Number of protein chains: 2
Amino acid sequence: MDPLPSWTDGFAKAAILDFVSRATREGSSDFIPVPERIAVFDNDGTLWVEQPLLVQLYFALDRLTAFARRDPALRERQPYKAFLERDFKTIAGFSRREAFEFVYTTHAGFTTKEFAEVAASWLADARHPTLNRLFTECVYQPQLELLDFLRSRGFKPFVVTGGGIEFVRCIAEKLYGIPPEQVVGSSNKTRLESGPGGPALFKLPELRSFDDRDEKVVNIELHIGRRPRLAFGNSDGDLRMLQYTSGGHGARLCLLLHHDDAQREFAYDREFRLSPLDEALRMAPASGFVVVSIKSDWKTVFA
Amino acid sequence: MDPLPSWTDGFAKAAILDFVSRATREGSSDFIPVPERIAVFDNDGTLWVEQPLLVQLYFALDRLTAFARRDPALRERQPYKAFLERDFKTIAGFSRREAFEFVYTTHAGFTTKEFAEVAASWLADARHPTLNRLFTECVYQPQLELLDFLRSRGFKPFVVTGGGIEFVRCIAEKLYGIPPEQVVGSSNKTRLESGPGGPALFKLPELRSFDDRDEKVVNIELHIGRRPRLAFGNSDGDLRMLQYTSGGHGARLCLLLHHDDAQREFAYDREFRLSPLDEALRMAPASGFVVVSIKSDWKTVFA
């Protein structure tokens, strides 16, 4: 039975099947012991959609709208003004870091438990603006098959995301089958305080880690403590993670998703300022990264 | 068959067996779904010996001796002087944080990979000063049985240690069967740099997190993302972790190891300044923490 039915028979699919076969064949020089079968996946644009804006930005926007009802002065201050006015041209001009700092600010003040409840409740019925489906249905079917296939072969998949760790944990278990302890992401600092229900962690409006570029590698080491054997990303923010993955000994596979299907999803790369794909794409051939084309490598995009 | 043969039949053992039985009995109001069966264990003094000094301090001492050969001026500066002269009275007067900061300083300058190699090589033949065995043989047999028993019932054990995350990862897989991604600990900041073998992480002489007291809870949330159901510690540094664990709904078990066996191991609690057991012991009865006495609850101490 084909473990990857939504993948077109082609170079990318063959590279995946070949890698997994070598990695799991006992006696092969490429054999990887089960505990070392660590696979890391970026989230936005790799496991689910990130256009026209990152899903978490829509969430932050709705949070901000609620805040502005209590504090109307926010309507006159950037970056809040642009977000409140849905001024997407200005928003698209923010750097990835600026956008995320805005996100973290709007996420502070909750306990981690409250935050997870608010986010889960928002995700339950928030819809993508153009794809005519819930955000939680904007997950890529071929990637779900790949995750299942890897797990069936003893791999342990982690999400390593620039998105907020608590936000992504709200979806990772249900949508990807990835438990919270296998989600690595950006995070606010937190502080332990005692409340009526015992000690609770409060999210502070201060960034602990922006899990992007070099920091993805730093956090992989902090959370996982092993160099991954497979990495899948879709932007320059994932380049270091792919280089780090490919830099070790033994069998390794790095993949780069290229959004080139305006018909079924979106077509973009270097011009998406929040998360460009430029340098990584240019380096792919010499680095041995397998470029996966949504248009030609995926029969189905969404479930 | 008794899953805990090194445990004396008594209150502590009965509490463990009862908790696991309730937590895994489907239909029981205390049933815990498998993904939520998270157990956290302190390391020093809980899984292996921490007297007369923390094992990692002996390692740091040997590192420092090597440094002092290249830089003799260290012999005149505190805290290095005390460590180099094996002035244990002065060392015992350092606070836990001071001692750990000394440790991190001596651990910097390596890549994480080099550090793991140096530490593993040291651990291969470093011996405990009085127990007449390797440090790696100073692991508590009853705890190994408990870890195996919990795993066999679907629990996922994590080490949550004040010790350095990379140092403890060197022993956790081999000694406890706990993989690196299930070790949470103190850590230096790291920086990604490109070297001859591709990108590598360098340990900086700057603390990222001292995983003690409140910070244990902060890091449990960061790394695990779920409130544990079982926590086992042995000092006031573990108190917040135990309180956080016991604070949630449903079945929970918190245990506190009391070193009261000078014959077979060591007898100490509040007077061990590096890691005192005082407040947690006083709070145990009212908090429902089960106090485990090495003297009366363990038939065997070491394997």
Side-chain angles (χ1 to χ4, degrees), chain A residues 34-36 38 111-113 116 156 158 165-166 168-170 172-173 177 179-185 187-195 197-203 208-209 213-227 239-249 287, chain B residues 34-36 38 111-113 116 156 158 165-166 168-170 172-173 177 179-185 187-195 197-203 208-209 213-227 239-249 287:
Chain A
V34 170
E36 291 174 31
I38 302 291
T111 67
T112 51
K113 186 162 173 282
K156 197 181 217 181
F158 287 77
I165 192 165
E166 287 121 350
V168 177
R169 279 172 172 164
C170 288
E173 192 153 39
E181 63 269 28
Q182 286 162 229
V183 176
V184 178
S187 59
N188 281 32
K189 290 191 181 173
T190 55
R191 186 165 55 217
L192 189 69
E193 288 180 21
S194 44
L201 287 164
F202 281 80
K203 284 167 71 73
R208 168 164 46 206
S209 171
R213 300 183 182 256
D214 288 19
E215 190 84 357
K216 284 205 174 192
V217 178
V218 165
N219 283 330
I220 284 171
E221 182 64 28
L222 176 63
H223 287 252
I224 309 179
R226 269 197 244 262
R227 200 185 280 249
L239 176 57
R240 291 282 180 265
M241 171 170 96
L242 267 63
Q243 289 174 320
Y244 188 67
T245 299
S246 68
H249 66 89
S287 307
Chain B
V34 171
E36 291 174 31
I38 302 291
T111 67
T112 51
K113 186 162 172 285
K156 196 180 218 181
F158 288 76
I165 192 165
E166 287 120 350
V168 177
R169 280 172 172 164
C170 288
E173 192 154 39
E181 63 268 28
Q182 286 163 230
V183 176
V184 178
S187 59
N188 280 31
K189 290 191 180 175
T190 56
R191 185 165 55 217
L192 189 69
E193 288 180 21
S194 44
L201 286 166
F202 281 80
K203 283 167 72 74
R208 170 165 44 208
S209 171
R213 299 185 183 255
D214 287 19
E215 190 84 355
K216 285 207 173 190
V217 178
V218 165
N219 283 329
I220 284 171
E221 182 65 27
L222 176 63
H223 287 252
I224 309 178
R226 267 196 247 261
R227 198 185 280 247
L239 176 56
R240 291 281 180 264
M241 172 170 95
L242 267 63
Q243 290 174 318
Y244 188 66
T245 298
S246 69
H249 65 88
S287 307

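Treat the numbers as computed from the prediction; the structure is a model and nothing was measured. Below, read A as the first sequence line, B as the second, and so on, with proteins coming before strands; counting in each chain starts at 1. All values below come from the heavy atoms of this structure, side chains included, with hydrogens, waters and symmetry mates left out.
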| field | Contact winner vs chain A - Ile38(B), Leu201(B), Thr190(B), heavy-atom pairs under 4.5 Å | value | Leu201(B)
| query | If you round to the nearest 0.5 Å, how far is CD of Glu221(B) from NZ of Lys203(A)? | reply | 9.0 Å
| Side chains of Val218(B) and Lys189(A): does their closest heavy-atom pair fall under 4.5 Å? | no
| said: Which one wins on heavy-atom pair count under 4.5 Å against chain B: Glu215(A), Glu166(A), Glu173(A), Gln182(A)? | reply: Glu173(A)
| task | Could you tell me which of Gly247(B), Ser209(B), Ser187(B), Pro199(B) has the largest number of non-hydrogen atom pairs under 4.5 Å with chain A? | result | Pro199(B)
| note | Smallest heavy-atom separation, Gly225(B) atom then Pro180(A) atom, equals O-CB, 4.0 Å
| request: Would you please test Arg240(B) and Leu192(A) for side-chain contact (heavy atoms from CB on, under 4.5 Å) and show each step? | output: CA-CA 9 Å; Arg240(B) 291 281 180 264; Leu192(A) 189 69; 3.5 Å; yes
| query | Given a strict heavy-atom distance threshold of 4.5 Å, which part of Lys156(A) is in contact with chain B: side chain, backbone, both, or neither? | reply | side chain
| Residue selection (most heavy-atom pairs with chain A, distance under 4.5 Å) from Val184(B), Val183(B), Asp214(B), Ile165(B) | Asp214(B)
| field | Non-neighbouring partners of Asn188(A) that pass side-chain hydrogen bond (donor to acceptor under 3.5 Å, both in side chains), sequence neighbours left out | value | none
| query | Of all of Gln243(A), Arg191(A), Arg226(A), which one pairs up most often with chain B through heavy atoms under 4.5 Å apart? | reply | Arg226(A)
| Closest non-hydrogen atom pair, Leu222(B) against Arg208(A) | CD1-NH2, 3.6 Å
